[in-house]
Amino acid sequence: MSHQPLIDGFEFATAGARQQGSWPVRELPRVRDLLASEDGEVRYVLEGMRDERGRPSLRLSLQGTLTLRCQRCLEPMPFEVRADEVLVLAATQAEIDAEPPDAHSPDRVLAGKEMPLRELIEDELILALPYAPRHASCAARLAQADETRQDGKISPFAGLRGLVRDKH
Ligand SMILES: [Zn+2]
């Protein structure tokens, strides 16, 4: 799916609309830059709703497997991302700024007539990614890779290195 759906925020929320699909990772430029590979896709569900105070809101759920780069051994590592957030719409930036800072209050987002779904997905994905991803055990993976090379077989990472090189 390569189109870029735009939603009318308040209309989507008050109508209780629903949209779902899969978004290729390579078409999420801000997220792509944080990854070791742009393979894969993210499944999303966007629903219009009202929060417990009756305010028009968007609920965005995401699920997919992204390929991050381990910050310890620098090899790729799969990361299962799952996110489910309610974004309470605001008519103006002033409305958002007037709200007292509170860690427990829901996220606010400025509503528009043409809100790009892609940006909502990117924002939520970036928040869901670990700041410094690491394998649970790098040493095991490295030892395994060394063994494979001694056997004269192709390193399981050889193909991935090729992909990284192709990006430049
Ligand atoms: Zn590692």
Side-chain angles (χ1 to χ4, degrees), residues 1-5 7 18-47 49 51 57-90 96-97 99-110 115-168:
M1 199 178 69
S2 59
H3 65 285
Q4 293 183 21
I7 63 155
R18 181 185 166 95
Q19 208 180 109
Q20 64 180 52
S22 291
W23 209 292
V25 170
R26 66 176 177 279
E27 290 174 22
L28 297 168
R30 283 192 290 138
V31 174
R32 198 176 58 196
D33 290 347
L34 305 172
L35 305 177
S37 159
E38 37 185 82
D39 291 344
E41 56 187 27
V42 174
R43 290 189 298 284
Y44 67 87
V45 180
L46 182 72
E47 289 172 295
M49 56 173 283
D51 78 344
S57 306
L58 302 174
R59 178 175 184 179
L60 181 58
S61 310
L62 302 175
Q63 194 187 343
T65 303
L66 304 180
T67 307
L68 302 181
R69 189 170 299 285
C70 172
Q71 295 304 296
R72 194 154 44 197
C73 69
L74 301 180
E75 295 289 353
M77 59 174 279
F79 179 77
E80 177 79 16
V81 66
R82 271 172 196 273
D84 187 354
E85 289 293 332
V86 173
L87 304 166
V88 180
L89 295 173
I96 296 174
D97 295 342
E99 196 140 300
D102 176 358
H104 299 293
S105 63
D107 289 332
R108 303 298 304 270
V109 65
L110 192 56
M115 299 174 75
L117 177 57
R118 188 185 73 189
E119 288 191 13
L120 295 174
I121 292 175
E122 284 186 320
D123 285 344
E124 187 163 330
L125 268 182
I126 288 167
L127 289 174
L129 293 180
Y131 175 68
R134 288 187 173 125
H135 291 119
S137 171
C138 291
R141 289 179 62 96
L142 289 173
Q144 196 183 14
D146 282 339
E147 247 172 52
T148 312
R149 273 195 289 270
Q150 278 159 19
D151 287 344
K153 292 184 204 138
I154 296 165
S155 158
F157 305 118
L160 292 165
R161 288 213 183 89
L163 285 176
V164 171
R165 199 166 46 234
D166 287 346
K167 272 172 74 176
H168 299 295

Legend entry - Which atom of Gln63 lies closest to which atom of Glu80, heavy atoms considered: NE2-OE2, 3.8 Å
Legend entry - Heavy-atom side-chain proximity of Leu68 to Leu34 below 4.5 angstrom: no
Inset, instruction - Check whether any side-chain heavy atom of Leu117 sits under 4.5 Å from a side-chain heavy atom of Gln19, and report yes or no. - result: yes
Legend entry - Interatomic distance, Trp23 atom CH2 to Glu41 atom CD [nearest 0.5 angstrom]: 12.0 Å
Legend entry - Flag side-chain contact, heavy atom, 4.5 Å: Val45 against Leu60: no
Inset, instruction - May I ask you to test the Val86-Met49 pair for a side-chain heavy-atom distance under 4.5 Å? - result: yes
Inset, instruction - Could you grab the distance from atom CZ of Arg43 to atom CZ of Arg82, nearest 0.5 Å is fine? - result: 8.0 Å
Inset, instruction - Evaluate the side-chain proximity of Leu28 to Ile121: yes if any heavy-atom separation is below 4.5 Å, no if none is. - result: yes
Legend entry - Approximate separation, where rounding is to 0.5 Å, of Leu62 CG and Asp84 CG: 8.5 Å
Inset, instruction - Say whether Gln71 and Arg69, considering side chains only, have a donor N or O and an acceptor N or O under 3.5 Å apart. - result: no
Legend entry - Atom pair CD (Glu38) and CG (Asp33), whose distance is rounded to the nearest 0.5 Å: 9.0 Å
Legend entry - Whether Arg72 side chain and His135 backbone form a donor-acceptor pair below 3.5 Å: yes
Inset, instruction - List the atom of Leu120, the atom of Met115, and the distance in Å for their closest heavy-atom pair. - result: CD2-CE, 4.2 Å
Legend entry - Close side-chain approach of Asp39 to Thr67, heavy-atom, < 4.5 Å: no
Legend entry - With Arg30 via salt bridge (charged side-chain N to carboxylate O under 4.0 Å, His left out) - residues at least two apart: Glu122, Asp123
Legend entry - Closest contact, heavy atoms only, Tyr44 versus Ser22: CE2-N, 3.8 Å
Legend entry - Side chain proximity check, Ile126 to Val31, heavy atoms < 4.5 angstrom: yes
Inset, instruction - Return yes when atom CZ of Arg108 has more than 12 non-hydrogen atoms of other residues, nucleotides or ligands closer than 6.0 Å, and no otherwise. - result: yes
Legend entry - Minimum side-chain heavy-atom gap Asp107-Glu85 below 4.5 Å: yes
Legend entry - Heavy atoms of other groups near Arg26 CZ, more than 12 under 6.0 Å: no
